[in-house]
Visitor: 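Provided herewith is a single structure, encoded as structure tokens, for subsequent inquiry.
Keep in mind that the numbers below use all heavy atoms, side chains included, and drop hydrogens, waters and symmetry copies. Along the sequence shown, the residues carry numbers beginning at 1.
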Amino acid sequence: MWAKDSKSVAFLRETDSATKEVTVNYYRIADKKLFSLDYASKADSKNMEVFKRTTYAISDDGKKVFFMVAKKKDPNAEKPDVPEIWHGNDKWLYADRQRQQTEGDIPKIALWYPDTGLYLQISDDELPSIMLSGQQGYAVLYNKFSYGLQSKYYEEADFYLTDLKNGSKELILKKQSVDLNQMGFDPFSNRILYYRESNWWMYDPVEKTHTNLTKKVTTHWDNYNTSDAPHQFGAYGNPGWTNDGKNVLLYDANDIWLVAIDGSSSKRLTRGYEKNIVYRITPIEYDWRSQSNYDGRNPTIFDLSKDLLLEATNRENWSTGYFIYNDKSKEQPIVYEASKIDEIRKSKNSAYIFQTQTFNQSPRLEFRRKNQTASKILFQSNKQQKEYSFGKSELLYYYNSKGQKLKAALFYPAHYNPTKKYPMVVHIYDVMSDELHQYVNPSFLNREGFNVTNYTLNGYFVLMPDIIYQMGNPGSSAVDCVTAGVNAVTGKGLVDKDKIGLFGHSFGGYETNFIISQTNIFKAAVSGAGVSDIISYYFNISRNGYFQSDMWRFENQQFRIGKSLYEDKEAYVSNSPIMHAENVKIPLLLWAGKNDRIIPWNQSIAFYLALRKLGVSTQMLVYPDEDHSLENPENQKNLSQRMMEWFDYWMKGEAEFKAVSKETE
């Protein structure tokens with residue numbers, strides 16, 4: 001691993017082919033001097049060894065080398081407990097502790113000063129997660145399981161600061177969110193930026209002071225007041241720092257702010273709030289090769305006297321584009337229109353290429369110079385499409401029963417005839433209207449079995465409505481918003497109100513299961529990998545990176561109950577589809593992967609058994625070797641065809657086919 005200034009390099013060298021022991025080495029080009037660390041001779045290395053797949057890092061000042069160590073594998077290690085012992089006060093679930101033992105030890109970060117020979121192990125089992133301060137003089141350490149299993153999307157932990165000169169440690173933040181978007185590092189000092197109590201703060205490790213940077217600013221730095229889902233809470237973020245070392249850049253809901261690092265001043269740079277535009281610094285302005293800071297992210301420095309490329313999104317009508325910002329001209333558009341615009345690249349002489357697309361216009365690459373108002377098309381994909389009709393997309397606005405304004409993307413069938421009324425499939429999840437300008441190639445290779453263009457080409461309208469939730473009532477919120485969207489379309493006289501289908505996958509599968517137990521406006525439905533019994537799912541353990549109880553999904557995430565089962569049993573019962581299965585009167589096709597690690601397939605089995613018991617027309621497709629979504633192309637094709645046939649049979653009255661058997665009639 002080369003140093004940032006390319007003046008030194010760190011590497012491993014094997015010293016014993018039999019034992020595979022290695023030394024850590026550092027070579028400095030200026031004085032042609034080689035330094036070596038014999039880690040095996042260190043006192044704490046008895047049961048440890050250098051982690052050979054380590055990621056080395058040399059500090060910016062060239063004085064420190066960071067590497068990893070891990071516990072040696074013991075061939076005579078004891079077998080797991082028989083029986084397994086699950087303690088009620090375990091901070092980590094036994095299953096997750098067992099996973100770690102199976103997968104091996106978590107590597108620890110170590111530090112070596114080549115000139116002095118000082119060696120320190122920084123992280124350990126108690127505090128395994130680590131981030132380095134901007135000047136690499138300190139390490140921030142934490143353990144996201146320090147308070148046990150928490151019902152939060154981002155756990156809270158105690159954050160400790162270790163002085164890398166001597167290894168001394170101090171507690172600087174208690175019960176702070178582990179969301180990495182809520183912590184940053186001043187690149188010109190060792191000060192630490194963090195978000196807490198609706199404000200951005202700066203901690204100075206030398207003065208040991210906490211300064212509130214934003215207490216005088218009237219805006220919201222997080223989405224607490226706008227998000228209806230606890231799991232979507234978060235600070236809008238800190239994109240970087242100014243090159244004069246005096247200011248930090250911060251985001252609010254729409255704009256970019258410049259805030260002094262001592263809290264003395266603040267300035268809103270962009271004017272997105274007035275135009276309902278969200279401005280963000282585009283990712284290509286970051287050097288992603290140097291963004292990693294172990295378990296955190298490195299700071300990025302911006303020169304605001306030069307052009308800064310911004311991406312822009314209008315969340316009201318889903319127009320998108322790019323703007324140039326600098327101190328003199330503020331934000332000026334390169335391209336901004338009612339289409340999906342992304343993948344921009346820039347040249348050194350201020351020329352840009354970017355991708356544009358709409359639902360019925362396949363992606364193309366366009367070229368435009370700064371200050372030009374027209375683009376040149378460099379490449380147009382799917383040129384043959386002009387010979388065919390894909391339909392079109394339209395953004396609808398309407399209100400639910402609570403008077404809340406909603407949006408939905410409506411996709412028209414190919415060769416639309418305004419004198420006809422068409423069948424329609426409603427595809428649901430959370431926010432779906434942002435699919436308005438997404439071009440989708442027709443294909444049966446779909447991980448969830450649904451392709452909007454397949455349906456428009458087959459004579460269907462497709463509706464993708466947004467859903468706004470009330471805490472404690474995820475099911476009834478979905479019913480209210482989805483029926484409002486359907487009524488908005490039927491009110492336009494576009495579709496046959498007796499031929500409307502419903503599809504959802506994952507959380508959308510749960511919503512589908514619940515909605516069809518509450519309303520009779522749908523003719524048929526498909527539910528993929530959905531929850532049917534939220535009480536049993538509350539007590540499930542899933543593995544999404546690590547083993548975790550699914551209680552958090554209800555208390556502080558997508559299911560939005562907001563309380564434990566024992567605090568509000570009625571909410572769990574009233575929002576559980578299986579408790580209302582007797583009200584389901586339409587045919588339902590269920591599908592699931594047998595190896596689903598997120599939503600166990602027995603959730604689909606339970607609803608299948610309930611509907612079978614009640615005599616409802618139903619089928620269940622189980623894919624033995626699949627997870628939450630389908631990866632096998634043959635299975636994707638099979639599911640896509642069966643879903644289409646299901647809707648064709650029940651909504652178009654087409655002839656019987658293999659996917660619907662006699663017993664379902």
Visitor: With side chains defined as the heavy atoms from C-beta onward, is the minimum distance between N458 and M644 less than 4.5 Å?
Guide: yes
Visitor: Do Y236 and Y251 have ring centres separated by under 6.0 Å?
Guide: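 No, the ring of Y236 stays outside the 6.0 Å limit from the ring of Y251, centre to centre.
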Visitor: Measure the acute angle between the ring planes of F507 and Y429, then classify it against the limits of 30° and 60° as parallel, tilted or perpendicular.
Guide: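 F507 and Y429: perpendicular rings.
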Visitor: When you measure from the side chain of Q372 to the backbone of R369, do you find a donor-acceptor pair of N or O atoms at a distance under 3.5 Å?
Guide: yes
Visitor: How about F514 and P474: do any of their side-chain heavy atoms sit closer than 4.5 Å?
Guide: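 They are not in side-chain contact.
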Visitor: Would a line drawn from the ring center of F461 to the ring center of Y412 be shorter than 6.0 Å?
Guide: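 Centroid distance F461-Y412: below 6.0 Å, so yes.
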Visitor: Just by distance, no angles: are the side chains of D342 and Q355 close enough, under 3.5 Å, to form a donor-acceptor pair?
Guide: yes
Visitor: Rounded to the nearest 0.5 Å, how far apart are OH of Y439 and OG of S339?
Guide: 15.0 Å
Visitor: Salt bridge or not between D430 and R560? Use side-chain N to carboxylate O under 4.0 Å.
Guide: yes
Visitor: Can you check whether Y325 reaches K330 side chain to side chain, under 4.5 Å on heavy atoms?
Guide: yes
Visitor: Assess the side chains of N181 and Y154: does a donor N or O sit below 3.5 Å from an acceptor N or O?
Guide: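 Short answer, no.
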Visitor: Taking all non-hydrogen atoms of both residues into account, name the closest pair between T512 and S527 and its distance.
Guide: CG2-CB, 4.2 Å
Visitor: Tell me the closest heavy-atom pair linking L590 and S604, and the distance in Å.
Guide: CD1-O, 3.8 Å
Visitor: Please confirm whether F411 and F390 have ring centers closer than 6.0 angstrom.
Guide: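 Centroid distance F411-F390: not below 6.0 Å, so no.
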Visitor: Just checking, is any N or O donor in the side chain of S319 or N317 under 3.5 Å from an acceptor N or O on the other one?
Guide: yes
Visitor: Work out which heavy atom in S433 is nearest to a heavy atom in W318; give both atom names and the distance.
Guide: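 Result for this residue pair: OG-NE1, 2.8 Å.
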Visitor: For D480 and N473, run side-chain hydrogen bond (donor to acceptor under 3.5 Å, both in side chains): C-alpha distance rounded to whole Å, both residues' side-chain angles, the deciding distance at 0.1 Å, then the answer.
Guide: CA-CA 11 Å; D480 185 26; N473 285 298; over 6 Å; no
Visitor: Would you find a donor on one side and an acceptor on the other, under 3.5 Å apart, between the side chain of E337 and the backbone of G321?
Guide: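 No.
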Visitor: Of N400, L410, L406, I428, which is the lone residue that meets side chain to side chain contact (heavy atoms under 4.5 Å, CB included) with P465?
Guide: I428
Visitor: Can you check whether W591 reaches M643 side chain to side chain, under 4.5 Å on heavy atoms?
Guide: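 In short, these two side chains touch, coming nearer than 4.5 Å.
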Visitor: Using the rule side chain to side chain contact (heavy atoms under 4.5 Å, CB included), only one of K340, E343, R364 pairs with T356; which is it?
Guide: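 That would be R364; it is the only one of K340, E343, R364 passing the side chain to side chain contact (heavy atoms under 4.5 Å, CB included) with T356.
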Visitor: Examine the side chains of D255 and T270 and answer whether a donor and an acceptor come within less than 3.5 Å of each other.
Guide: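 D255 vs T270: donor-acceptor pair found between side chains.
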Visitor: For the NZ atom on K275, are there more than 12 heavy atoms of other groups (residues, nucleotides or ligands in this structure) within a distance under 6.0 Å?
Guide: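 Yes, the 6.0 Å shell around NZ holds more than 12 heavy atoms from other groups.
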Visitor: Roughly how far, to the nearest 0.5 Å, is the CD1 atom of I521 from the CD1 atom of I516?
Guide: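 Answer rounded to 0.5 Å: 12.0 Å.
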Visitor: Would you mind checking if R280 and E285 are paired as a salt bridge, meaning a charged N to carboxylate O distance below 4.0 Å?
Guide: no
Visitor: Quick check on the 6.0 Å ring-centre criterion: do Y273 and Y279 meet it?
Guide: no
Visitor: Taking K370 first and then D307, would you say they form a salt bridge - that is, a charged N and a carboxylate O separated by under 4.0 Å?
Guide: yes
Visitor: Quick one: does any side-chain atom of N238 pair with a main-chain N or O of G240 as donor and acceptor, under 3.5 Å?
Guide: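 Indeed, once roles are kept as given, a pair shorter than 3.5 Å links the two residues.
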Visitor: Hey, what's the ring geometry for H505 with H628, parallel, tilted or perpendicular (30° and 60° as the breaks)?
Guide: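 The rings of H505 and H628 sit tilted, inter-plane angle from 30° to 60°.
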Visitor: Report yes if the distance between the aromatic ring centroids of F559 and Y510 is under 6.0 Å, otherwise no.
Guide: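 Ring-ring flag for F559/Y510: true, centres closer than 6.0 Å.
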Visitor: How close do D596 and I598 get, counting heavy atoms only, and between which atoms?
Guide: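 Closest heavy-atom pair between D596 and I598: OD1-N, 2.8 Å.
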Visitor: Please check: side-chain N/O of T320 versus main-chain N/O of I341, any donor-acceptor pairing under 3.5 Å?
Guide: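 Yes: the side chain of T320 pairs with the backbone of I341.
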Visitor: Report, as yes or no, whether the 6.0 Å neighbourhood of atom NZ on K652 holds more than 12 heavy atoms from other residues, nucleotides or ligands.
Guide: yes
Visitor: Test N540 against S542 for side-chain hydrogen bond (donor to acceptor under 3.5 Å, both in side chains), laying out the working first.
Guide: CA-CA 6 Å; N540 183 63; S542 63; 4.8 Å; no
Visitor: Between D498 and K523, does any NZ, NE, NH1 or NH2 come within less than 4.0 Å of an OD or OE carboxylate oxygen?
Guide: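 Answer for the salt bridge query: no.
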Visitor: Please assess S362 against Q380 for the test side-chain hydrogen bond (donor to acceptor under 3.5 Å, both in side chains), listing each intermediate value before the final yes or no.
Guide: CA-CA 8 Å; S362 59; Q380 174 66 63; 2.9 Å; yes
Visitor: With distance as the sole test, does N326 use its side chain to make a donor-acceptor pair with the main-chain N or O of S329 at under 3.5 Å?
Guide: yes
Visitor: Answer yes or no: is there a donor N or O on one side and an acceptor on the other, between the side chain of R315 and the main chain of V278, under 3.5 Å?
Guide: no
Visitor: Quick check: closest heavy atoms across L249 and P239, and the distance to 0.1 Å?
Guide: O-CD, 3.1 Å
Visitor: Looking only at side-chain N and O atoms, does N632 offer a donor or acceptor that is under 3.5 Å from a partner on D625?
Guide: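 Judged by distance alone, the side chains do not pair up.
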Visitor: Nearest heavy-atom pair of Y397 and E316: which atoms, and what distance?
Guide: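 Answer, listing the atom of Y397 first, then E316: OH-O, 2.9 Å.
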